[in-house]
Amino acid sequence: MVLLRRRDELVCQQVVELVSDYLEGALPRSERRRFERHLRGCPNCSAYLEQMRVTIATTGRLTPGDLSPEARDEFTELFRSWRADGGTDSGDGGGGAPDGIG
Amino acid sequence: MESDVELLARLRAGDESAFVGLVGRYQGSLLRVARTFVPSDAVAEEVVQDTWMGVVRGVDRFEGRSSFKTWLFRILVNRARTSGVREHRHVSVDPTEPAVSPDRFDGSGAWAEPVTPWESDVDDRLVAAAWGPLLREAIDALPDRQRDVVLLRDVEGLPSEDVCDVLGITEGNQRVLLHRGRSRLRTALESELETRGR
């Protein structure tokens, strides 16, 4: 049986450039279908997509490093001085925090 | 782990341990983002300290219309802009940087060699722990604008519209920068896996 070759099939080199748009849900519908059609027939691009998913997931699971005891002390001191000096009601102390009123 | 909202509630009540908790959580990312706007580590540290002061003094005015994270990074970028030399708004994207080196493909644009699937053991904490330092290094090596977007979107998990808002870039630019950055990180992980001789 001869499979009809659709026009404008994506090649692998194009697929790797569309991966982020695909994962972000930013591909137009027709483009998304072309992308998924390619994946179904291409184990290499499927493996590549999975690698990107793993990369993103691993990046999202990075945990912050612990503050050094010195840094903890320093910020505790700063906190006390900021609270003592001006407090939270100072109209301009924060330099206009963007979420604030006005 | 205590949520940002819980820590904020305690911070509002004047609890200094809640403040130190928030600092511990975000200090690394704040410094990394600040550093892309200003000329030195010292200035970045000043900007970050100034940001925390803004948080302490502005916390009662934070209304939660955005997430705490988005609010925090917006303060940071505003402060960094006023002390920085780099005008971050102008984003030019190199259209020629491919996600994967062209020599990995044959003349028809198909993979020249099979792509090795990674074992689906990413959830294994040991693997994540082993990759953490490597990923940190790879993120630090990204070009500034890619690093900002990757840090905010993938490390901190901000929604893409918040990333655009904080950095003052368009959705389209954000996606291109994200794509370039993620592709570089994948490449870094791939070479590490190959070096380890799987």
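Every chain is numbered from 1, with letters handed out A, B, ... down the list of sequences. On a predicted model such as this, the values are computed, not experimentally measured, just so you know.
Note: B/G109 leads B/S17, B/G109, B/S29 in heavy-atom pairs under 4.5 Å with chain A. When the candidates B/G24, B/G157, B/G28 are compared by the number of heavy-atom contacts under 4.5 Å with chain A, B/G24 comes out ahead. Looking only at heavy-atom pairs under 4.5 Å with chain B, the residue among A/C42, A/P43, A/A47, A/S46 that has the most is A/A47.
From A/S20, atom OG reaches atom CG of B/L177 across 11.0 Å, with rounding to the nearest 0.5 Å. To the nearest 0.5 Å, atom CE of residue A/M52 and atom CH2 of residue B/W118 are 9.0 Å apart. Here the CG-CD distance, from A/N44 to B/E113, works out to 9.5 Å after rounding to the nearest 0.5 Å. Taking CE from B/M53 and CZ from A/F79, the interatomic distance works out to 13.5 Å, rounded to the nearest 0.5 Å. Rounding to the nearest 0.5 angstrom, the gap separating the CZ atom in B/F19 from the CG atom in A/L78 is 7.0 Å. Annotation: the span from B/R182 atom CZ to A/L23 atom CG amounts to 6.5 Å, rounded to 0.5 Å.
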Step-by-step side-chain contact (heavy atoms from CB on, under 4.5 Å) determination, B/R186 to A/Y48: CA-CA 9 Å; B/R186 190 209 63 88; A/Y48 182 86; 3.1 Å; yes
Residue pair A/L62, B/R136: steps toward the side-chain contact (heavy atoms from CB on, under 4.5 Å) verdict: CA-CA 8 Å; A/L62 285 174; B/R136 279 285 181 209; 4.1 Å; yes
Working for side-chain contact (heavy atoms from CB on, under 4.5 Å), residues A/I56 and B/L185: CA-CA 9 Å; A/I56 295 162; B/L185 298 185; over 6 Å; no
Trace of the side-chain contact (heavy atoms from CB on, under 4.5 Å) decision for A/Q13 with B/V100: CA-CA 8 Å; A/Q13 203 167 0; B/V100 176; over 6 Å; no
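A salt bridge links B/R180 with A/E17: the distance from a Lys NZ or Arg NE/NH1/NH2 to an Asp or Glu carboxylate oxygen falls below 4.0 Å.
B/L11 touches chain A through backbone and side chain together, each having a heavy atom under 4.5 Å away. Contact of B/S160 with chain A is made through the side chain alone, with heavy-atom distances under 4.5 Å. Of the two parts of B/E156, neither the backbone nor the side chain holds a non-hydrogen atom closer than 4.5 Å to a non-hydrogen atom of chain A.
Minimum heavy-atom separation, A/L67 to B/V20: CD1-O, 4.0 Å. Nearest approach of B/T116 to A/Q51, heavy atoms of both residues: O-NE2, 2.7 Å. The nearest pair of heavy atoms linking B/S108 to A/V11 is O-CG1, 3.5 Å.
Applying the side chain to side chain contact (heavy atoms under 4.5 Å, CB included) test between B/E16 and each of A/E77, A/R72, A/R80 identifies A/R80 as the sole match. Across B/R175, B/Q174, B/R153, a single residue satisfies side-chain hydrogen bond (donor to acceptor under 3.5 Å, both in side chains) together with A/E24, and that is B/R153.
Between B/W52 and A/F75, the two ring planes are perpendicular [angle over 60°; tilted spans 30° to 60°].
The 12-atom threshold is exceeded at CD of A/E36, counting heavy atoms of other residues, nucleotides or ligands nearer than 6.0 Å.
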